[in-house]
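Here is the structure we will look at.
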Number of protein chains: 2
Amino acid sequence: MNKPHSTQPRTLHRLAASDRVAEALSLAIHEHRLSPGTKLGEDEIGEVYGVSRTIVRTALQSLAHIQLVEMHRNRGAFVAQPSQQEAREVFEARELLEPRTAHMAAARATAADIDTLRAHIAEEHAAMAAGDRGRALHLSGLFHIEIARIAGQTTIAGFVDELIARSSLIIALYWRRESALCESHAHHDLIEAIAGRDGPSAEDLMRSHLVDLHSALDLHRSAAPARSLKEALQKPGS
Amino acid sequence: MNKPHSTQPRTLHRLAASDRVAEALSLAIHEHRLSPGTKLGEDEIGEVYGVSRTIVRTALQSLAHIQLVEMHRNRGAFVAQPSQQEAREVFEARELLEPRTAHMAAARATAADIDTLRAHIAEEHAAMAAGDRGRALHLSGLFHIEIARIAGQTTIAGFVDELIARSSLIIALYWRRESALCESHAHHDLIEAIAGRDGPSAEDLMRSHLVDLHSALDLHRSAAPARSLKEALQKPGS
DNA sequence: GAACACAATATTGTATACAATCCATTGCCG
DNA sequence: CGGCAATGGATTGTATACAATATTGTGTTC
């Protein structure tokens, strides 16, 4: 499978092949083109991206580590299906971490950072206007990650990264149709607070934004998606 | 060691070979038998544990993800050497997460949990008395992880797990000899607060304990350990 | 016709072989 | 003698082959 050489000049640190595959899979999950529970066969993925199972396996393990996919021994990899309990924990963790990072971001953001954030929002609006809800959701997540990055806490930013990824799955599973996706407004206010160097406001805005998101999820009904068929098909009463 | 998670599959699977190797390496790092910067050759490790490079590679990738080892493309894996900046970030993250988990743990701990914690302390004392400083350090870390587990936040517990692991490296690199290792006292007080269901006290005790640890590190001197030989041997002035 | 046992198939787990890359030594030339 | 380039060895990156395991299909028995 020798791919023709691209026009790319020799870069000293070419991206590892497994990272490319992991990135592509991650994007597909974030944009809800892959649904929770979907089987991710190694041969199949390898064929798509023109790499061997070795690479695919590495990519899947990487995604499994951030809990975007679940790997079951001798059974394969599946797009993860966070339980309601896990969903609650993810949002509790976000509510603990992100308000603080927003505060720090307000203290450290440069003009260029603000521009980046505004560009994110613009892209998000454009995607939404184009009806590409998956892409809008993905960009919305990137917005949060960008804030953590601006805060200069790469460790916490890594955690936020993982939490955002899982949130995407959670939204795919538990989003209530009734509640509209009106985050753009919250994001806009957040940018203004950060641009205005108003740490406390940024912190409060982030907190309430996350609480809004959390409350727009349906984590109480017993309509939890089943982890296994056996679990799914059993009568609740019996 | 990691206890099996709540979502145990219906079949009791043998531990994967790569997990065994990763666990062994992790333990060696935690107990300071492997120093930061040590090269981890794949063939060498494979020979030690009687497995092929495939397994070793998986284990190393797993450890790289929690930043216990650094992998450099085409150069191999090394025990990670957190910079002073990274060290600060790790402890800032711990100071953000762990006091809260201590609070929650106080609210949820069962009698059995308290016993487990006391057993941890006893083992830690025993190891220290036996002069096994590495093992004592490891057990001290497990104590913190156990508290996060008791708090019932498996997601945050996972983060704490990673932070503890990195802390072990940080202590290996930046611990000031002058300051004595007097944590046992802090851990003891923490247990009492948790046993007494005193959440606020547990939170405060955890916070001050972490601040103590943090301040016992030497994160200001420019004696940062070099990441590479080249960097180490260059004259500072030139 | 239903339930079970067994065989066939497909998929994952692991080992090994080969290719690519880096590092060190060595030899050459200034 | 010092710096630079070519070359050899060692190590990692990737592909493939084989082994182990789960799942599915089929036949037999009651």
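Bear in mind that the values here come from a model prediction, so they are computed numbers and not experimental data. In what follows, every chain begins at residue 1, and chains take the letters A, B, ... in the order their sequences are listed.
Between the CG atom of A:L40 and the P atom of C:dA10 there is a distance of 20 Å, rounded to whole Å. One atom, CZ of B:R73, and another, P of D:dT14, lie 5 Å apart when rounded to the nearest Å. Atom-to-atom, CD of A:E44 to C1' of C:dT12 comes out at 14 Å; the value is rounded to the nearest Å. Atom CD in B:E47 sits about 14 Å away from atom C1' in D:dT11, given to the nearest Å. In this entry the distance linking CD of A:E70 with P of C:dT12 reads 15 Å, nearest Å. Straight-line distance from the CG atom of A:N74 to the P atom of C:dT12: 10 Å, rounded to whole Å. For the pair B:R53 CZ and D:dT16 P, the interatomic distance rounds to 17 Å; values are reported in whole Å. A straight line from NE2 of A:H72 to P of C:dT11 spans 17 Å, rounded to a whole angstrom.
Annotation: B:R166, atom CZ; neighbour count of heavy atoms from other residues, nucleotides and ligands within 6.0 Å is above 12.
For A:K39 and D:dA22, the shortest distance from a side-chain N or O to OP1 or OP2 is not below 4.0 Å. Regarding contacts with the backbone of D:dT14, every side-chain N or O of A:T54 stays at 4.0 angstrom or more from both OP1 and OP2. Phosphate contact (OP1/OP2 of D:dT23, side-chain N/O of A:R75, threshold under 4.0 Å): present.
Which of C:dT14, D:dT12, C:dT12 sits closest to the side chain of A:D43 comes down to C:dT12.
Classification of A:R149 and A:D113 as a salt-bridged pair holds, one side-chain N sitting under 4.0 Å from a carboxylate O.
Side chain of A:H32 to backbone of A:L137: no donor-acceptor contact under 3.5 angstrom is found.
Side-chain contact check for A:S140 and A:H144: no donor-acceptor pair (N or O, by modelled atom type) lies under 3.5 Å.
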